[in-house]
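Proteins come first, then strands; the chains are lettered A, B, ... in the order of their sequence lines, and each starts at number 1.
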Amino acid sequence: MSRKLFKFKGGVHLSEHKAESNARPLHAAPLPGKLVIPLRQHIGNPAKPVVEVGERVLKGQMIGAADGYISAAVHASSSGIVTAIGPAAVPHISGLPDLCITIETDGRDEWIAHAPLDYQAMAAADLRMKLRDMGIAGLGGAVFPSAVKLDPGAAHSCPTLIINGGECEPWITCDDMLMRNRAGEILQGVAVMRHLLGSTEILVGIEDNKPEAIAAMQAAAQSLDFAVEVVAVPAIYPAGGAKQMIETLTGKQVPSGKLSTDIGIQVFNVGTAYALACAVHHGEPLISRLVTVTGHVLRPQNFEVLIGTPMHTLITLAGERDDSTGALMGGPMMGMPMPDLEVPVVKATNCILVKSNALFPPLPKALPCIRCTRCADVCPAELQPQELFRFAKTGDFGRAQEYHLFDCIECGCCSYVCPSHIPLVDFYRYAKSEIWAREKEKRAADLARERHEFREFRLAREKKEKAEKLAAKAQAARTQAGLDQAKRAELPAAPAPELATAPSDADAKKALIAAALARAQAKKAEVAPKNTDHLLPATQREIEEIEARRAKIHELARQPLESEEKKP
Amino acid sequence: MLTAILVMVVLAVTVGLVLGWSAVRFKVEGNPLAEKIDAILPQTQCGQCGFPGCRPYAEAIAKGEADINQCPPGGEEGIKKLAELLGVEPKPLDEAHGAPKPKSVAFIDEQLCIGCTLCIQACPVDAISGAAKQMHTIIAAECTGCELCVAPCPVDCIAMVPIAEDLPHWKWKYPVIELKRVA
Amino acid sequence: MPSPFILDRSSVTQVMAWVLAALLPGVAAYVWLFGPGILVTLALATVTALAAEAAMLKARGYPAKPFLTDLSAIVTAWLLALSLPALAPWWLIVTGTLFAIVVAKHLYGGLGQNIFNPAMVGYAVLIVSFPVQMTQWSGPLALTETPLTLAQSATVIFGGDVPKTTLDAVTMATPLDALRTGLLQQLTVDEIMTQPIFSQFGGVGFEWLAAAFLLGGLLLWALRIISWQVPLAFLAGIWLAAGFLHFFDAGRFGAPWFHLFAPSVMLGAFFIATDPVSGATTPRGKLIFGFGAGLLTIIIRTWGGYPDGVAFAILLMNLSVPLIDQYTQPRVYGTSGRGKEPPA
């Protein structure tokens, strides 16, 4: 442990609450009767469904294909019948539904044919495509498609690879349990990452409050044919944030608005490394993950859960208790409240934290900001949260951006220490999404302007072309006329050419439109009243009366208009 | 007395010269006013302001021929921005030009469309595809929701559908912190 | 309500309570060295401040309870009371407190919105409007033969009948006043310092009062309720400015230690200039703010029309806070230069 560590600015010490859930052994959650698998589980384009309702799918079968470069596939977590493809409740704070594939499981848990990948023999690009198709995405919370992060790009290599076992949020222990139980597999995944990124220095950062995990990882690192340094980092929230982990281990800061790869560093969560190992060494796509179920439950513990399992099933497994006040996905600092507990576990679900008033008392009412700058003292992004709050509150988004709003990592430290109990992070989220929406709106307006201007140009051009054509025709007619003049004496007067045909053209068009109109109205009449086919005579009479009244009103409404039209 | 007047005159001339010189020297080669106004307008091209599009309206405002409160799609916020740009007091939207509505896109009932191309000719941003006697359809991503296609349709097959909030369009709301008594 | 779902135990009430607690050593020293009169002043200011706060909250349509229990009004009242002469008449205390709470705090938008430190606004209004009454300091007990009891002090404050001789026996000029008057009489500093009110460092009793405020201030710093930047820069500003002048003409300018150990300086450095609402927020801004206030204090003491300049110095620096903050924005994580950068 000779490595020199660096201290990132800010951060807070939180009570850990890890012992509740990491004392019990890891269990696999039983197969649920129904799996709901959202197609948008990662950052980037949602996957496109490639199965149909009624189709039988096997465990590990791709049911949604990656759409574009920044995307990832989704897979059936067990075998069964696809019963629905459509909007369903997803774990998102808004409570809005999103496109999901629902599978009624058949209990046989039958795997699709799969085989390990010989990753060393594969071309890097092919391997990355394969990983994208196996749905590998970051399991630390951001769910960024791993295939993209495993592309060293123009630099051809990424010298430093950091495996993040920080897990600094209170209550969550899934990474801890993974490292204790599956250290070897994690490092197999690291080997694949090292292969793709060409890294020479591999660091595993683990908070020093997880001695068992550190020991397990160190033991597993002994048997590798490359060097992996397992480093204990001081436990201070948010030491597990990627940027903070980089600074702690290397002393470098990721430049604002850039990626860590720009300074030759890539960071992966331990869970991602494990998923990668399963994909490469067993050919198994990402269909399960470890989930901590803790808080206000009887037996807080970690489960290995199939993606798509309803959260409520897991809460029941861990022993549901009375007086719960809802659940969070994630920890208490950055977790999101779930609109209902039937939403499925997704790739991003690291923890289901059941709340109660005793564990998480309702937050006290906010007071005005007194500019005490405690938020600035604890901000790991070294921002001035009190200023950002002022700008976000008054809608001065330009200034908020000038003060680096988008460098905020939403860790919640500022809200945690605020003596006025202001939900600061909420204001930053609001300001960010407002700025994004405005940018979107602006892009739409620019597109509309461009298209409108092009249309004006096109109309002008068409008009000009028409005029030119007419002029050419007239010219031709004149020359023709000149030629004809000679023959005038011999031939009788020719009928007037264009003048006559033009209106008749318009007439023909009108007639056509009228005919089509009649057809459409007939169709409309046919289409519209579906519920009037079989009616009692009394109802029929009633309808007729109403119709008559309606016609009369129509008539009355039309008259003054028409008379007005006729006037001048 | 004479010296004082002389000093003042010399001072005035010098200052005037400096100002005149800097006006020429540091002239801002920027957007003319109409362009800046056009950048604020929502580009719906709906013509509710009484001008055939956003650009003509912007030019009219720049020339002082039109007021800033004639754009319903721009809403209160648009008026506020225009007022800020032009250094005038914001005023409420002129109801004579219509009321603001939720953002919508046009939708063609393809069962009823007769392929008359009248809506295509009306669309200010060419967001309807189709040809004579062929069914038409709206390119939703390019539709500005101006409603100009609704009136010309002889079979009333175009409806304005408000854009529903979905996950990619969901926004964080303004946090509610109550300091004041509500009652 | 989104994350985070846990909070630190801190609150505005807690912060203000610690400030009040940190003032207690000063209050105790005050009573010990100058008699119990200050307790009457403190009580009167507190009652007035709470009443004014409640009335203003009601008028502005805010709930009274969260804002009255935040204790910020009491802090303002105490800071003002401790800046006033111990035997100031009741109406002076009430006027100052009312002005501080009603005008300087609530008319600017209430808690967190005031540009100026309310207590210092109250003080400034009083010293400009009632300069004579603002000199009724009770002298240190060590120099008075028959000190006033609590009841007698109350009688004086509430305008009751007290023999003029008794009053004359207890009120005396503060060391800063004495220095000022002496210098106006063309005396040298050394000659002035022979007066009984002066001692080793500052004034008899005054230096210990200053030390008690320093003690309370260090407590606030140890609890991280105030940052080190403002007090240190403030004291450094005083020391350097006074030292500079004293170095060039020791006969006309007081010694830096003398200036430093005036109670108003310690109170200002640790309790008033550190007021977060009206002070600078950035680390470098706090240094500039504190140093500027210290410098201005000495300038006003030396050349200004009033014996002490802490209040005016802090108010002047309050004015420049937005500018200071804007130009001292600290480096943000992952950015190279200091200050802000244009948006990408």
Using non-hydrogen atoms and a 4.5 Å limit, figure out which bit of [X] sits close to chain C: side chain, backbone, both or neither.
{"X": "A:K9", "value": "neither"}
{"X": "A:S420", "value": "both"}
{"X": "A:V417", "value": "both"}
{"X": "A:C418", "value": "backbone"}
{"X": "A:L405", "value": "neither"}
{"X": "A:P362", "value": "neither"}

Chain C contacts, top residue of [options] (heavy-atom pairs, under 4.5 Å):
{"options": "A:K258, A:R371, A:R374", "value": "A:R371"}
{"options": "A:A376, A:C379, A:G335", "value": "A:G335"}
{"options": "A:P255, A:G412, A:P332, A:G10", "value": "A:P332"}

Considering all heavy atoms, the nearest A:G295-A:L359 contact | C-CD1, 3.6 Å

Tell me, side chain or backbone of C:V15 under 4.5 Å from chain A's heavy atoms, or both, or neither?
-> side chain

Contact class of C:S278 relative to chain A, heavy atoms under 4.5 angstrom | neither

Do [Y] and [X] meet the salt-bridge criterion of a basic N to acidic O distance under 4.0 Å?
{"X": "C:K105", "Y": "C:E53", "answer": "yes"}
{"X": "A:K442", "Y": "A:E439", "answer": "no"}
{"X": "A:E247", "Y": "A:K252", "answer": "no"}
{"X": "A:K432", "Y": "A:E410", "answer": "yes"}

Ignoring hydrogens and geometry, is there a side-chain-to-backbone donor-acceptor pair from C:D325 to C:T281 under 3.5 Å?
->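 Pair found, side chain donor or acceptor close to backbone of C:T281.
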
May I ask you to check whether C:F5 and A:F360 place their ring centers less than 6.0 Å from one another?
->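 No, the ring of C:F5 stays outside the 6.0 Å limit from the ring of A:F360, centre to centre.
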
C:F116, C:Y123, C:F234 screened by side-chain contact (heavy atoms from CB on, under 4.5 Å) with C:I314, the one that passes = C:F234

Pick whichever of C:D70, C:V277, C:N114, C:T13 has the most heavy-atom pairs under 4.5 Å with chain A.
-> C:V277

Flag the one option from C:S72, C:G112, C:S10, C:G110 with the top tally of heavy-atom pairs under 4.5 Å to chain A.
-> C:S10

Please determine if A:R438 forms a cation-pi arrangement with A:W436, meaning its NZ or CZ atom is less than 6.0 Å from the six-membered ring centre and no more than 45° off the ring axis.
-> no

